[in-house]
Amino acid sequence: MFSLLVTIPANAKWSQNGVTIAGGHGEGGATNQFVYPYGLFVDDDQTVVIADYWNHRIMQWKNGNTTNGEVVAGGNGAGNRLNQLNQPSDVLIDKETDSLIICDLGNGRVVRWSRRSGTTQGEILIGNINCYGLAMDDQRYLYVSDIGKNEVRRYKFGENNGTLVAGGNGGGVGLNQLIYPAHLFVDRDHSVYVSEWTNHRVTKWNKGAKEGIVVAGGQGGGSALTQLQYPVGIFVDKLGTLYVADEQNCRVMRWTKGAKQGTVIAGGNGMGAGANQIVSPMGLSVDRHGNLYVADCRNDRIQRFSIEKHC
């Protein structure tokens, strides 16, 4: 996955005004609208796929086309037929098979939809799972967070049980526990980063570890720079710097490796639909140039914050 190779300078800054690259036309089911975009994934060519949660569909927006997206999975109302989705919360692109892997939260399953034209339905990869977030490593293992069991498992394609890689000791604040594991990121060493929505922290689980390390937040919910308030989307660059969509603080934060507090790099300017505002940021992704993409959930739009060029 190209996203494992993004190098972002330690002193990088981003434009404070985001550009709307998808949505932004109010709440609705047209192809230029969303109803609460959740997870998103940016491909090599800056194509963006978005889990359009309350429209029960996955949308794809090609780079440069800011007027309309296309429905690439679901879009047939909420339901559990193979041509339907129910509250999809996350999505990623598997380039090997040119398909979408989707966390179909409302149906308790992970599904795969081919990206080939003419595809009208998906196939179930994993059933009976309260999945929320997805990630894939360079060996094409799939990682899925389970908000029912408060755990993260790694799956080989074709298996339904997977291997426990984080949590699994009930919900709690212990370092061997998770509460509401939301989004995931897996680095080159196969360490798993987990945003814990109701623990207000992000933990890093080294490969084979029985407990996690708190790498952001963990000081209770709040708006101080040492705190997070319901963190969701996460991304980690090559230096091990962590980027977090801090949902209820309406901001995106950057935590350098080992830091006890983060810095605000986008949003944090109150509630509103201004270019420098985001309301309930959910999904977070970074393209290979270091530009930041944020699912601005309550504004029903996707914002791109451009990395500022260094001389």
Is the closest side-chain heavy-atom distance between Val91 and Trp113 below 4.5 Å? no
To the nearest 0.5 Å, how far apart are CD1 in Ile101 and CD1 in Ile93? 10.5 Å
How about Trp14 and Ser306: do any of their side-chain heavy atoms sit closer than 4.5 Å? no
Would one find more than 12 heavy atoms of other residues, nucleotides or ligands at under 6.0 Å from atom CG of Asp98? yes
The criterion is side-chain contact (heavy atoms from CB on, under 4.5 Å); which residues satisfy it with Lys149, sequence neighbours excluded? Asp146, Glu151
Count I, L, V, M, F, W, Y as connected when their side-chain heavy atoms are under 4.5 Å apart, and connections chain through other members. Are Tyr155 and Ile147 then in the same cluster? no
Between Gln261 (side chain) and Ala259 (backbone), is there a donor-acceptor pair under 3.5 Å? no
List the steps and the verdict of side chain to side chain contact (heavy atoms under 4.5 Å, CB included) for Arg153 and Asn161. CA-CA 8 Å; Arg153 286 184 174 267; Asn161 293 325; 5.5 Å; no
Main-chain N/O of Ile307 paired with Asn291 side-chain donor or acceptor, under 3.5 Å: yes
Do Gln60 and Arg115 have side-chain atoms, one donor and one acceptor, less than 3.5 Å apart? yes
Identified side-chain contact (heavy atoms from CB on, under 4.5 Å) partner of Ser99 from the options Glu123, Arg112, Arg116: Arg112
Please give me the minimum heavy-atom distance between Trp197 and Ala182, naming the atom from each residue. CB-CB, 4.5 Å
Rounded to the nearest 0.5 Å, what separates atom CG in Leu142 from atom CD1 in Ile126? 5.5 Å
Please determine which of Val244, Val236, Ile213 meets the side-chain contact (heavy atoms from CB on, under 4.5 Å) test together with Val202. Val244
Can you give me the closest heavy-atom contact between Asn160 and Gly127, atom names plus distance? OD1-N, 3.3 Å
To the nearest 0.5 Å, what is the distance between CG on Asn130 and CG on Asn107? 11.5 Å
Atom pair CG (Asp52) and OH (Tyr38), whose distance is rounded to the nearest 0.5 Å: 11.0 Å
With distance as the sole test, does Asn249 use its side chain to make a donor-acceptor pair with the main-chain N or O of Gly222 at under 3.5 Å? yes
Does a side-chain heavy-atom distance below 4.5 Å link Tyr36 with Asp300? yes
Ser145 side chain to Pro181 main-chain N or O, any donor-acceptor pair under 3.5 Å? yes
Can you confirm whether Leu125 sits close enough to Phe157 that some side-chain heavy atom of one is under 4.5 Å from a side-chain heavy atom of the other? yes
For the pair Asn206 and His190, evaluate side chain to side chain donor-acceptor pair (under 3.5 Å) and give the outcome as yes or no after the intermediate values. CA-CA 7 Å; Asn206 292 315; His190 300 166; over 6 Å; no
Starting from the C-alpha separation in whole Å, work towards a yes-or-no answer on side chain to side chain contact (heavy atoms under 4.5 Å, CB included) for Arg109 and Asn80. CA-CA 10 Å; Arg109 65 190 185 186; Asn80 63 6; 4.2 Å; yes
Identify the heavy atoms of Gly133 and Leu184 that sit nearest to each other, and give their distance. O-CD1, 3.8 Å
With no hydrogens and no angle check, is any side-chain donor or acceptor of Asp237 less than 3.5 Å from a backbone partner on Leu239? yes
Under 3.5 Å: donor-acceptor pair, side chain of Arg251, backbone of Ser223: yes
Donor-acceptor contact below 3.5 Å, side chain Asp43 vs main chain Asp45: no
Assess the pair His183 and Tyr132: is the distance between their ring centroids shorter than 6.0 Å? yes
Of the non-hydrogen atoms in Ala245 and Met282, which two are nearest, and what is the gap between them? CB-O, 3.4 Å
Tell me whether the NZ or CZ atom of Arg254 lies within the 45° cone about the ring axis of Tyr243 and under 6.0 Å from its centre. no
Could you walk me through whether Glu196 and Thr203 pass the side chain to side chain donor-acceptor pair (under 3.5 Å) check? CA-CA 8 Å; Glu196 296 184 59; Thr203 46; 3.1 Å; yes
Sorted by chain and number, sequence neighbours left out, side-chain contact (heavy atoms from CB on, under 4.5 Å) with Lys257 holds for none
Side-chain touch Leu284/Ile234, heavy atoms, less than 4.5 angstrom: no
Can you get from Leu105 to Ile129 by hopping between Ile, Leu, Val, Met, Phe, Trp and Tyr side chains that sit under 4.5 Å apart? no
Scanning both residues in full, the closest heavy-atom pair of Cys250 with Ile278 reads CB-O, 3.0 Å
Spell out, as yes or no, whether a donor-acceptor pair under 3.5 Å connects the side chain of Arg201 to the backbone of Gln227. no
Does Asp246 use its side chain to pair, donor to acceptor, with the backbone of Gln229 at less than 3.5 Å? yes
Within the side chain of Asn169, is there an N or O that forms a donor-acceptor pair under 3.5 Å with the backbone of Asn176? yes
If you measure only the distance, is there a donor-acceptor pair under 3.5 Å linking the side chains of Trp205 and Glu211? no
Going by atom types alone, do Gln219 and Thr226 pair a side-chain donor with an acceptor below 3.5 Å? no
For the pair Leu92 and Asp90, evaluate side chain to side chain contact (heavy atoms under 4.5 Å, CB included) and give the outcome as yes or no after the intermediate values. CA-CA 7 Å; Leu92 56 81; Asp90 205 6; over 6 Å; no
Is it the case that Asn63 and Thr47 place a side-chain donor and acceptor less than 3.5 Å from each other? no
CD on Gln46 to CZ on Arg304, rounded to 0.5 Å: 6.0 Å
Can Trp255 be reached from Val264 by stepping across I, L, V, M, F, W or Y side chains whose heavy atoms are under 4.5 Å apart? yes
State, with a plain yes or no, whether a side-chain heavy atom of Ile21 is found less than 4.5 Å away from one of Val48. yes
Where is the tightest heavy-atom contact between Gln277 and Asn299, given as atom of each residue plus distance? O-ND2, 4.4 Å
Tyr180 ring center near Tyr230 ring center (under 6.0 Å): no
Could you go through Arg140 and Asp94, starting from their C-alpha distance and side-chain angles, then the distance that decides it, and tell me whether this counts as salt bridge (charged side-chain N to carboxylate O under 4.0 Å, His left out)? CA-CA 8 Å; Arg140 290 187 68 246; Asp94 176 17; 2.7 Å; yes
Any donor-acceptor pair under 3.5 Å linking the side-chain atoms of Asp296 with those of Gln303? no
Would you check if Leu85 and Val111 make a side-chain contact, meaning some heavy-atom pair closer than 4.5 Å? yes
Are Val6 and Leu292 linked, directly or through intermediate hydrophobic residues, by side-chain heavy-atom contacts shorter than 4.5 Å (ILVMFWY only)? yes
Any side-chain heavy-atom pair from Val286 and Tyr293 closer than 4.5 angstrom? no
Hey, could you give me the CG/CD1 distance between Asn150 and Ile179, rounded to the nearest 0.5 Å? 6.5 Å
Under 4.5 Å between side-chain heavy atoms, counting indirect links through other Ile/Leu/Val/Met/Phe/Trp/Tyr residues: same cluster for Val110 and Ile58 or not? yes
